[in-house]
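The structure displayed is predicted, hence computed values, not measured ones.
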Amino acid sequence: MTTEEGRAVGPWSRQLAPWQAFCLQASVVVFFLAGASAPTPLYATYQREWHFSPITTTVIFGVYAVAILLALLIVGSLSDHVGRRPVIFGSIVVQAAAAVVFAGADGVPTLLCGRILQGLATGTVVGAVGAGMIDVNRSAGTLANAVTPAAGTAVGALGSGLLVTYAPQPTHLVYYILLVVYVLQAVGVLYMAETAARTPGALRSLRVSWAVPAQARGPLVRAAAVVLAVWALAGFYGSLGPALVRRVVPGQGALLGGLTLFTLTACGALTVLVLRSAAPGTTMQVGALALIGGVAVTLVSVALGSAGLFFVGTAIAGVGFGAGFQGGVRTVMPLAEPHQRSGLLSVMYLISYLGFGLPTIVAGVIVVYGGVARAACEYGTAVMLLAALAFAGTLGRRSARIPATPAAPASSLGGPAVDACADACRTGAASGHPSSSHGSVLAHKGDEHR
């Protein structure tokens, strides 16, 4: 229970400090995206046990993106009206239900149900959490929104791959672990102070709409091509990566399939930290060029059957993933007022998951009728062309570096505690620990999967 000002009362009156709330919200993005990528190393196991076709795998993969898109369109800006806490808490409850469904999965319909629940929860929470972190500290929150989707995808892909390879009950254990995390996060949200004032119009906000402030429309259009390209790349590795790595390293199991997505997104998260002080326009250009080079090297490695070259190409593409999505987020998000943040960030993720989901479904159709190699070649070529268009769009439109907003005074969001949060994020960034800087995504948001 809270007061109108967002202060907790009753049994939840002991509140988290601002930096603790910041880290909690960052962890929500990390583990939501980890949960989304956890099934990827398991698809081969599911397919072997239940004997479904490759196109079914693509459908299971794609319904997640469709569910996210629906949630982003309908409830993406809800937390700008009812507050961050209720939206985050409700999303965690749905995500926990998805983990229960996956843990008890006994066929394709159950997997589809779990993916839909995951997508609805993730699409609802990303705008609220992303805006909540920016509410606490604008510069650290903007950085966190760029790095958390990639970090979460990396954690989920590698963690699931390790559990599938070395732990008992691989199709259950990963979801039990995630369920425990979600329960702890839900409890933490009950102790979190509200950072957004309630405003009228909650029901009206549920209409399908594009909540883009006028001052952000031009920059968003310029960033959209890069964001689409980087999340199309995430879809490329998420859907085709395990099959491609089996072609270059025959006989290997789920661990290398998870390692592929981990390599991509971990390099992306590190790139966000390394380039956090670069101008957003320059960062987007670096991202577009790295996408082109990384995908090209990856396709050559598949043709040559070279495992080493495959992972080199994946790492280069990961640089493009992190740089491109970060540039897009840092170009657009600082332009939003507090009551516009959740809606605008949801639109960013909407663009991200359009790039993530729709090409993946097309790739699945190509796999069925033309094989994995052809699907990889055509999908990779499309990603490179989109990245080339994005690079051309940034020429002559370099964004000026957006200065960091000074920390809020002590009377608003905690003063010295907020400064400590920002310092902690910068310290974590310097040490190379993504979890310390939060900070998807893919992304997701990859972004953002940006």
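- In summary, of the residues considered (Thr260, Leu259, Thr265), a side chain to side chain contact (heavy atoms under 4.5 Å, CB included) with Thr263 occurs for Leu259 alone.
- Arg85 contributes a side-chain N or O that, together with a main-chain N or O of Met192, makes up a donor-acceptor pair within less than 3.5 Å.
- The structure places OG of Ser27 at 9.5 Å from CG of Leu184, a figure rounded to the nearest 0.5 Å.
- Side-chain contact between Arg222 and Thr331: absent, with no pair of heavy atoms (C-beta onward) separated by less than 4.5 Å.
- Inter-residue side-chain proximity for Thr56 and Gln47 is flagged as unmet; no heavy-atom pair is nearer than 4.5 Å.
- The distance from the OG1 atom of Thr142 to the CD1 atom of Ile134 is 4.5 Å, given to the nearest 0.5 Å.
- When atom types are taken as modelled, the side chain of Thr124 and the backbone of Leu120 share a donor-acceptor pair closer than 3.5 angstrom.
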Which is it for Val332 and Val347 under the side chain to side chain contact (heavy atoms under 4.5 Å, CB included) test, yes or no, and what are the steps along the way?
CA-CA 11 Å; Val332 176; Val347 172; over 6 Å; no
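- Annotation for Leu24 and Gly188: closest pair CD2-C, 3.4 Å, computed over non-hydrogen atoms.
- Scanning all heavy atoms of the two residues, the minimum distance from Ser91 to Ala121 falls at O-CB, 3.5 Å.
- Proximity of a side-chain donor or acceptor of Gln15 to a complementary backbone N or O of Ala193 within less than 3.5 Å is not detected.
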Would you list the atom pairs, donor with acceptor, under 3.5 Å between side chains in residues 105-116 and any protein atom, with sequence neighbours excluded?
unit_1 : atom_1 : unit_2 : atom_2 : d
Asp106 : OD1    : Thr110 : OG1    : 2.9
Arg115 : NH1    : Ala36  : O      : 2.8
Arg115 : NH1    : Gln118 : OE1    : 2.8

Which is it for Tyr182 and Leu178 under the side chain to side chain contact (heavy atoms under 4.5 Å, CB included) test, yes or no, and what are the steps along the way?
CA-CA 6 Å; Tyr182 297 142; Leu178 288 170; 3.8 Å; yes
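- No side-chain heavy atom of Leu386 sits less than 4.5 Å from a side-chain heavy atom of Leu291.
- For the atom pair Ile68 CD1 and Leu354 CG, the distance stands at 11.0 Å (nearest 0.5 Å).
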Tell me, with the steps shown, if Val126 and Leu72 meet side chain to side chain contact (heavy atoms under 4.5 Å, CB included).
CA-CA 9 Å; Val126 288; Leu72 288 169; 3.8 Å; yes
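- Heavy atoms only, all atoms of each residue included: Ala288 and Ala387 are closest at CB-O, 3.5 Å.
- Distance CZ/Phe311 to OG1/Thr298: 10.0 Å, rounded to 0.5 Å.
- Side-chain N or O atoms of Ser37 include one that pairs as donor or acceptor with a backbone N or O of Ala157 at under 3.5 Å.
- Contact of the Phe32 side chain with the Val129 side chain is not registered, since no non-hydrogen atoms from C-beta on lie closer than 4.5 Å.
- Looking only at side-chain heavy atoms (C-beta outward), Gln326 and Val147 stay at 4.5 Å or farther from each other.
- Contact between Met133 and Ala144 at its shortest, heavy atoms only, is SD-CB, 3.7 Å.
- Using a distance-only test at 3.5 Å, with no hydrogens or angles considered, no donor-acceptor pair links the side chain of Gln185 to the main chain of Ile92.
- Checked against the 6.0 Å centroid threshold, Tyr46 and Phe52 do not count as a close aromatic pair.
- In this structure, Val75 and Val87 have side chains that are not in contact, with every pair of non-hydrogen atoms separated by 4.5 Å or more.
- Sorted by first and then second residue, the ring pair (Phe, Tyr, Trp, His ring centres under 6.0 Å) pairs involving residues 95-120 (not counting sequence neighbours) are Phe102-Tyr175.
- Inter-residue side-chain proximity for Val221 and Arg217 is flagged as unmet; no heavy-atom pair is nearer than 4.5 Å.
- Contact of the Arg330 side chain with the Thr283 side chain is registered, since non-hydrogen atoms from C-beta on lie closer than 4.5 Å.
- Residue pairs meeting the ring pair (Phe, Tyr, Trp, His ring centres under 6.0 Å) criterion with at least one partner in residues 135-157, sequence neighbours excluded, are absent.
- Ala151 and Ala269 make their closest contact through N-CB, 4.2 Å (heavy atoms, listed as atom of the first residue, atom of the second, distance).
- Nearest approach of Leu335 to Gln215, heavy atoms of both residues: O-NE2, 2.8 Å.
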Please evaluate residues Leu162 and Phe262 with respect to the criterion side chain to side chain contact (heavy atoms under 4.5 Å, CB included), reporting the C-alpha separation (whole Å), side-chain torsions for both, the decisive distance (0.1 Å), and the verdict.
CA-CA 11 Å; Leu162 289 170; Phe262 171 81; over 6 Å; no
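- Side-chain atoms of Thr271 do not come within 3.5 Å of backbone N or O of Gly322 as any donor-acceptor pair.
- To the nearest 0.5 Å, atom CG of residue Leu350 and atom CG of residue Leu69 are 5.5 Å apart.
- Summarising the geometry, atom CD belonging to Gln95 is positioned 13.5 Å from atom CD1 belonging to Ile88; distances are rounded to the nearest 0.5 Å.
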